[in-house]
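Below, chains carry the letters A, B, ... as their sequence lines are ordered, and counting in each starts from 1.
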Amino acid sequence: MLRVRFAPSPTGYLHIGSARTFIFNWLYARRNGGTMILRLDDTDVERNTQASVDSIYDGLNWLDLSWDEFYRQSDRLDLHRAAAATILEKGLAYRDFTPAAGPDAEEKAHDGMAWRANPGQREMSKEESDARAAAGEPFVIRYRVPRDTGRVVSFKDSVYGDQSKSCDDIEDFALLRSSGMPTYHLASCADDADLRISNIIRGQDHLTNTFKHVLIFEALGAAIPQFAHLPLLIAPDGAKLSKRKHGPVVSVTTYRDAGFLPHSYVNFLCLLGWSPKDNREQMTRQEIIDIFSFEGINRSNAVVNFTEEDPIDPKALWLNGQHLRSLPVAEIMPAVTKVLETAGYTIPTDAAHFTSVVDLIRARYTTLLDFAGKGRPYFSDEFTIEPAAMEKLDVPGARALLAELGERLAADAEFTEASVEAHLRALATERGVKAGVLINGSRAALTGQAVGPSAFHLFTAVGRERAIARLKAVA
RNA sequence: GGCGCCAUCGUCUAAGGGUUAGGACGGAGCCCUCUCAAGGCUCUAAUAGGGGUUCGAAUCCCCUUGGCGCUACCA
């Protein structure tokens, strides 16, 4: 039975790297008929926040990602403590009564030898250890990593291949804190074992932690899951993406607020560190599910391309534009409607007409926000005339001609692309002006913009009454 | 410092012993055209460096360099 999990610690907003980890887990589960589990790894009581939990839900919901089972580590502390007790009883761990090292702990690692264990703790007799614990002295439980035995821990990673590390290079890591709370390593492994996780798919920052985890699984007598580590997402400066240093680019909500289609953004994230290997880039969710495998995952970190001026990866923008214009138009209507509603527009009551307008303008837009911005004249009468459009209107005689065109259209019951074109061209011929003057002028009058769709399409998109009124208004 | 991982155009990537090292984004240009997009076409730009192995290396091995990760009672 294939079971995967996404286990974020709720200490901040949903990070795009985390979202991508969720996605790869989810793809693997959906591809292979497995179970997707969401588990909140909230053992760091100090740093957990409800706002962060909400942000994780918000982000995943927006991305249209789902899970089948849900757990929270804080509900499972008994399990973790029992696991620590089991390992301690087996003699594979010991109590360490040394006070917490604090922030300057790093120094001891730099003055030559790497830290492996605190002196005198590992060797303490069971009697002394039990007595001091019974006396209420605080302690941390550490794993007793085999020393000088030549023991090598190894596992095969689905992405990085065979991995091995000598136990002599692994320090006696903590399992249970003096507060009685489990550490990440213990809680994670105890839960993975209990939840029968078959595949652990997570960031490469955990690659070297995996040796410790293998040791814990063994101590617990649990089956060792199959591991797959993912290359990290990094900033153009090579550093790990962080909110503090890189700002909103790291947060999933930024892309939602910037008008991305969720499926497009997932598509983009998938392309960072994974490739279908057939040059495809724009893919539907189903296409990605159908082709996803660890074979396509890269081993080197991927740079999210952005600058301070342009906080969004240009390729993400391009891909969003591709989805926006090539999806069946009906599929984007709910998102467009929502954006317009949020921006305070009145949604057109004629659904068919509304859809045709969206279809007309979407090819030149890249995000949903464009419908509320550049799309304003199509959905509202309150729009300004841009300078470039003003130039088209200020062509000598243009305004009067446009107003006259408006009158002629008003006098004709027929109002189609063809009938409008006929009137416009006839008027231009009669007055000896180039049709272009009226064509470009019409676009300017109808939308306040010098650029946009074919002028004749514009008339029907704006609608008869509005078009006539706007033509007369420029006179 | 120790240990581990990684290294192809500016960015995302393909090629995994034999290719003019391919595609995409970005940038430049041309075509299309009532404008702007879209679309089509062209150009731009890469195997980190050095040694091996081999008839032949981006690809396998070693060294160097660089980057990243772990080295906490954070995850």
Side-chain angles (χ1 to χ4, degrees), chain A residues 7-9 11 41-44 46-47 96 98-103 105-106 109-116 138-142 157 160 163-166 168-171 173-185 187-188 203-212 229 231-232 234 236 238-240 268 271-282 296 298-306 310 313-319 321-322 325-326 361-366 374 388-389 392 424 434-444 449-456:
Chain A
S9 56
T11 55
D41 278 10
D42 54 353
T43 53
D44 186 355
E46 307 288 302
R47 299 200 300 150
D96 180 346
T98 313
E106 245 180 280
H110 280 281
D111 59 33
M113 295 287 286
W115 179 87
R116 291 285 171 271
F139 60 85
V140 53
I141 294 182
R142 291 188 184 283
D157 189 273
Y160 288 89
Q163 303 292 317
S164 59
K165 186 168 186 169
S166 167
D168 293 331
D169 291 321
I170 302 173
E171 75 285 0
F173 53 94
L175 298 174
L176 202 67
R177 297 181 252 224
S178 53
S179 63
M181 288 295 282
T183 62
Y184 158 74
H185 300 300
S188 176
Q204 191 239 52
D205 47 345
H206 286 299
L207 190 61
T208 46
N209 284 334
T210 305
F211 299 105
K212 296 172 188 169
H229 287 87
L232 266 21
I234 58 175
K240 201 164 124 179
F268 171 71
L271 261 16
L272 256 21
W274 172 81
S275 163
K277 295 187 184 285
D278 59 4
N279 284 343
R280 266 191 297 171
E281 305 220 271
Q282 186 192 350
N298 256 325
R299 283 178 288 277
S300 49
N301 293 343
V303 173
V304 178
N305 197 11
F306 65 90
D310 259 319
D313 193 314
K315 195 153 186 172
L317 248 13
W318 166 79
L319 194 57
Q322 292 297 309
R325 66 181 128 273
S326 61
I361 57 182
R362 64 176 174 153
R364 35 188 54 79
Y365 292 176
T366 54
K374 291 195 269 187
K392 304 284 184 189
L424 186 147
K434 284 188 287 187
V437 171
L438 282 173
I439 289 173
N440 290 323
S442 295
R443 183 180 298 105
Q449 297 166 355
V451 301
S454 162
F456 300 118

Remember a base hit wins even if backbone is also touched, and classify A/R142 as base, sugar-phosphate or nothing at under 4.0 Å, heavy atoms. sugar-phosphate
Treating primed atoms plus P, OP1 and OP2 as sugar-phosphate and everything else as base, which nucleotides of nucleotides 25-35 of chain B get B, S or - for protein heavy atoms under 4.0 Å? S--------BB
Within the 4.0 Å heavy-atom criterion, would you say A/Q163 contacts the bases, only the backbone, or no part of the nucleic acid? sugar-phosphate
NA contact type, A/S326, heavy-atom cut-off 4.0 Å: base, sugar-phosphate, or nothing? nothing
Just call it for A/K240: base, sugar-phosphate, or nothing, with non-hydrogen atoms closer than 4.0 Å on any strand. sugar-phosphate
Nucleotide paired to B/rA45 in any strand shown, Watson-Crick or G-U, under 3.5 Å: none
Measure from the side-chain heavy atoms of A/L272 and tell me the nearest of B/rC3, B/rC12, B/rA14. B/rC12
Is it true that the side chains of A/D96 and A/T98 contain a donor and an acceptor less than 3.5 Å apart? yes
Looking only at B/rC68, B/rA14, B/rA72, the nucleotide nearest the A/K277 side chain is B/rA14
Donor-acceptor pair present, A/T208 side chain and B/rC70 base, under 3.5 Å: no
Base B/rA75 paired with A/N209 side chain (donor-acceptor, <3.5 Å): yes
Under 4.0 angstrom, heavy atoms only, what part of the nucleic acid is A/N298 near: base, sugar-phosphate, or nothing? sugar-phosphate
Donor-acceptor pair under 3.5 Å: do we get one between A/N279's side chain and the base of B/rG22? yes
Closest nucleotide among B/rC70, B/rA15, B/rC5 to the A/Y160 side chain: B/rC5
Please classify the nucleic acid contact of A/T43 as base, sugar-phosphate, or nothing, using heavy-atom distances under 4.0 Å. sugar-phosphate
Can you check each nucleotide of nucleotides 61-67 of chain B against protein heavy atoms at under 4.0 Å and return B for base, S for sugar-phosphate only, - for none, in 5' to 3' order? -------
Is A/H206 touching bases, backbone alone, or none of the nucleic acid, heavy atoms closer than 4.0 Å? base
